[in-house]
Amino acid sequence: MRLYNTLTRQVEPFAPVRNNTVRMYTCGLTVYARGHIGNFRTFVGVDVLRRALKYVGGFQMHHVMNFTDVDDKTITGAEKAGLPLREYTDQYIQAFREDALALGIEPVEDTPRATDPENLQAMADMIKQLGEHGHTYQTDGSIYFKIATLPTYGKLARLDHEGIQAGARVDSDEYDKENARDFVLWKATKPGEPTWDVGCGPGRPGWHIECSAMALRLLGESPIDIHTGGVDLVFPHHENEIAQSEGATGKEFSKFWFHIEHLLVDNQKMSKSVGNVYTVQDVLDRGFRLSALRYILLSAYYRKQLNFTWVGLEQAEESLRRITDFLGRVGGLSGGVAHVEVATRVAEAVQRFDAALADDLNTAAGLGELFDLIRALNIAMDARQVGEADAPGIQAAFDHFDQVLGVLSLRHAEEATPPIPQAEIDAGIEARQDARRRRDFAEADRIRQELLDKGVILEDGPKGTRWKRR
RNA sequence: GGCGCCGUCGCCAAGUGGUAAGGCAGAGGUCUGCAAAACCUCCAUCCCCGGUUCAAAUCCGGGCGGCGCCUCCA
């Protein structure tokens, strides 16, 4: 398996440093609001990485994804809502879990929260360690990381430090720093803010320290194998995580840095001021299924910006329909022996699919292989060169594709939920069959239209009539 | 201002030196009570201009256009 590494700006062969288990950390959501579809591009992208490592690479996973449940936004939000911080962030964590599930994102092994006592303790320990190594200083009860003490600072982002220093838009925090590039590890208590005293003086953690501390606490000794997140985290977040972790341990923090490009809406980054922020719920409200959203996210290379449009969602619906229709056709095969040619063609497709995914997660090329196989098998089925005995092998191949893509099973679950009671559909199909036998086609068409209006499409095939969701 | 990415058919999107995958949409046909689905056929020379090469969408230079990062941010 080969992956692009932001640290080296190159595609490199990947293997876990320790044994067969990949130790991976993902910077999760800051839970001050419901996650938007841009957030979920990242999380679906990470999910595909995770699945590819498991099902193509054959590795085990120890995957940590955190929730940032304390920062300026969560504190302000909780205050506005009149809720305790923990209670306020709970609701968005819950919402994230629901959205993630609905998008077919596999649960990860650990989902720590910054304010869990053991994590705050780990942060304090790391800050102490940094102090012992001479990387910190204090001002007014806050503790800062002194970048000048770490010569390798900037190796990930490769930014022009002089430029940062001279820039007018540097951190406008009220906290005093010796140097604009320095960043805060622990913020001294301010009136009305939540505060913890775990050995760094009363206060709350800076943003970056939580990820360093939780990653090493849960994944063990560095280097970990992969650290992931959205591109916008490269600087300063990930750069600072490296500074903290490597400053504290003296060892490399992570072998691979994996970043997912932004989802754009209307060709722009989503932002509240532009008014182009959509949530998972918004997609549902427009009558789309989340399998279509996941499909869109899968249809482009993760390192390229992806422009989200509603037209694109419609196209994704249709593409997905082609796959599920094909699978339905395979499921309806009857009679006939197994064909060697079919098995060979299927094996070829699986092999190519895996190769595409192993090549830095080329899901678009993988989908291309999948559709090529569909065409080939459709032609073969028309020529009656595919038998019922071939079906399990074909099914197994698509199950494999979907272990990585995670979109067909999602679609299946959606399809299985009828828009109207199953009995009503069955009754309609039955009544229509009667009408057709009587050659009362007007009545047959009326019934079909009636069901269509209720969101059920009927299709007549050799094995009778089947239905699917509109 | 600094750094970086991108520009491939109407739309989406692979391909990064050997003569343009795939999906959606569209046109014609086969099949069907009619549909739907499926199948067949058709549908691009890769933003522009130079250069390197036997050979470039793919490499180099210069334009034009879009986006992102440099500040909280997926």
Side-chain angles (χ1 to χ4, degrees), chain A residues 9 26-30 32 35-46 68 71-73 157-164 166-173 180 207 228-237 239 259-264 267-272 295-296 298-301 303-309 311-326 328-329 332 352 356 359 362-375 377-383 435-436 439-442 444-445 448-449 452 457-461 465-468:
Chain A
R9 309 285 152 106
T26 299
C27 290
L29 197 63
T30 299
Y32 67 96
H36 56 243
I37 57 178
N39 292 317
F40 283 104
R41 181 194 191 183
T42 298
F43 299 129
V44 167
V46 168
T68 297
D71 78 323
D72 292 349
K73 284 174 180 164
R158 302 186 184 183
L159 286 173
D160 173 7
H161 296 165
E162 304 309 312
I164 297 173
R169 298 187 299 169
V170 221
D171 195 339
S172 58
D173 239 325
W207 175 32
T228 69
V231 268
D232 52 351
L233 297 184
V234 172
F235 189 87
H237 187 52
E239 191 67 59
H259 293 103
I260 290 156
E261 254 298 347
H262 277 139
L263 180 76
L264 306 179
N267 277 306
Q268 271 186 308
K269 187 174 166 175
M270 281 197 256
S271 76
K272 286 196 181 114
Y295 183 92
I296 272 199
L298 256 29
S299 68
Y301 186 36
R303 280 206 286 136
K304 273 175 90 170
Q305 292 170 345
L306 170 58
N307 189 35
F308 173 88
T309 63
V311 171
L313 256 192
E314 282 165 28
Q315 295 182 353
E317 287 275 7
E318 293 310 314
S319 304
L320 224 29
R321 173 159 298 175
R322 180 167 162 80
I323 303 173
T324 51
D325 282 342
F326 164 79
R329 193 179 180 194
R352 287 200 196 126
D359 181 17
N362 194 339
T363 48
L367 284 170
E369 296 300 339
L370 185 152
F371 282 110
D372 279 341
L373 178 63
I374 287 179
R375 158 160 307 145
L377 291 177
N378 269 329
I379 292 172
M381 281 192 275
D382 277 1
R436 291 180 74 203
R439 302 193 68 79
D440 181 357
F441 296 121
D445 289 349
R448 184 169 60 197
Q449 185 60 44
L452 180 64
I457 295 172
L458 296 189
E459 283 178 6
D460 302 325
T465 301
R466 61 192 175 128
W467 71 273
K468 64 187 184 188

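Note that these values count all heavy atoms, side chains included, but never hydrogens, waters or copies made by symmetry. Chain letters run A, B, ... following the sequence lines, proteins first, then strands; residues in each count from 1.
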Protein heavy-atom contacts under 4.0 Å, written 5' to 3' over nucleotides 11-26 of chain B as B (base), S (sugar-phosphate only) or - (none), form the string BSSSS-----BSBBS-
Using a 4.0 Å heavy-atom cut-off, does A/H36 contact any base of the nucleic acid, only the sugar-phosphate backbone, or nothing at all?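 The residue A/H36 makes base contact.
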Name the nucleic acid region contacted by A/L370, choosing base, sugar-phosphate or nothing; use a 4.0 angstrom heavy-atom cut-off, strictly under. nothing
Is [Y] paired with [X] through a side-chain N to carboxylate O contact shorter than 4.0 Å?
{"X": "A/D460", "Y": "A/R436", "value": "yes"}
{"X": "A/D372", "Y": "A/R375", "value": "no"}
{"X": "A/R466", "Y": "A/E459", "value": "yes"}

Q. Under the 3.5 Å rule, do the base of B/rA37 and the side chain of A/R329 count as making a donor-acceptor pair?
A.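 No, the side chain and the base share no sub-3.5 Å donor-acceptor pair.
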- Would you say the base of B/rG33 and the side-chain of A/D445 have a donor-acceptor pair closer than 3.5 Å?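 Yes, the side chain and the base share a sub-3.5 Å donor-acceptor pair.
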Pairwise 5' ranking along RNA chain B for A/G38 and A/R439, keeping only the more 5' one:
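Mapping each residue to its closest nucleotide by heavy atoms, the 5'-most match is A/R439.
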Toward the 5' end of RNA chain B, which comes first, A/R448 or A/R303, by nearest nucleotide?
->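 Closest to the 5' end, via its nearest nucleotide, is A/R303.
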Just how far, in rounded Å, is [atom2] of [N] from [atom1] of [X]?
{"X": "A/I457", "N": "B/rA37", "atom1": "CD1", "atom2": "C1'", "result": "10 Å"}
{"X": "A/D382", "N": "B/rU32", "atom1": "CG", "atom2": "C1'", "result": "14 Å"}
{"X": "A/R436", "N": "B/rU32", "atom1": "CZ", "atom2": "P", "result": "12 Å"}
{"X": "A/L264", "N": "B/rG65", "atom1": "CG", "atom2": "P", "result": "19 Å"}

**OP:** Determine the interatomic distance between P on B/rG17 and the same-named atom on B/rA57; round to the nearest Å.
**Re:**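 Per the computed distance, 13 Å lies between those P atoms.
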Worksheet entry | P-based separation of B/rA55 from B/rC40 [nearest Å] | 38 Å
Report task. Check whether any side-chain nitrogen or oxygen of A/N378 sits under 4.0 Å from OP1 or OP2 of B/rC39, and answer yes or no. Result ->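 Yes, A/N378 has a side-chain N/O under 4.0 Å of OP1/OP2 on B/rC39.
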In A/H262, A/E261, A/M270, the residue satisfying side-chain contact (heavy atoms from CB on, under 4.5 Å) with A/R41 is A/E261
Partners of A/F326 by ring pair (Phe, Tyr, Trp, His ring centres under 6.0 Å), sequence neighbours excluded?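 With neighbours one apart ignored, the set is A/F398.
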- Query: Partners of A/H36 by ring pair (Phe, Tyr, Trp, His ring centres under 6.0 Å), sequence neighbours excluded?
  - Reply: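 Counting only residues at least two positions away or on another chain, A/H36 forms no ring pair (Phe, Tyr, Trp, His ring centres under 6.0 Å).
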Which value, rounded to the nearest 0.5 Å, describes the distance between A/L313 atom CG and A/I37 atom CD1?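 Going from the CG atom of A/L313 to the CD1 atom of A/I37 covers 7.5 Å.
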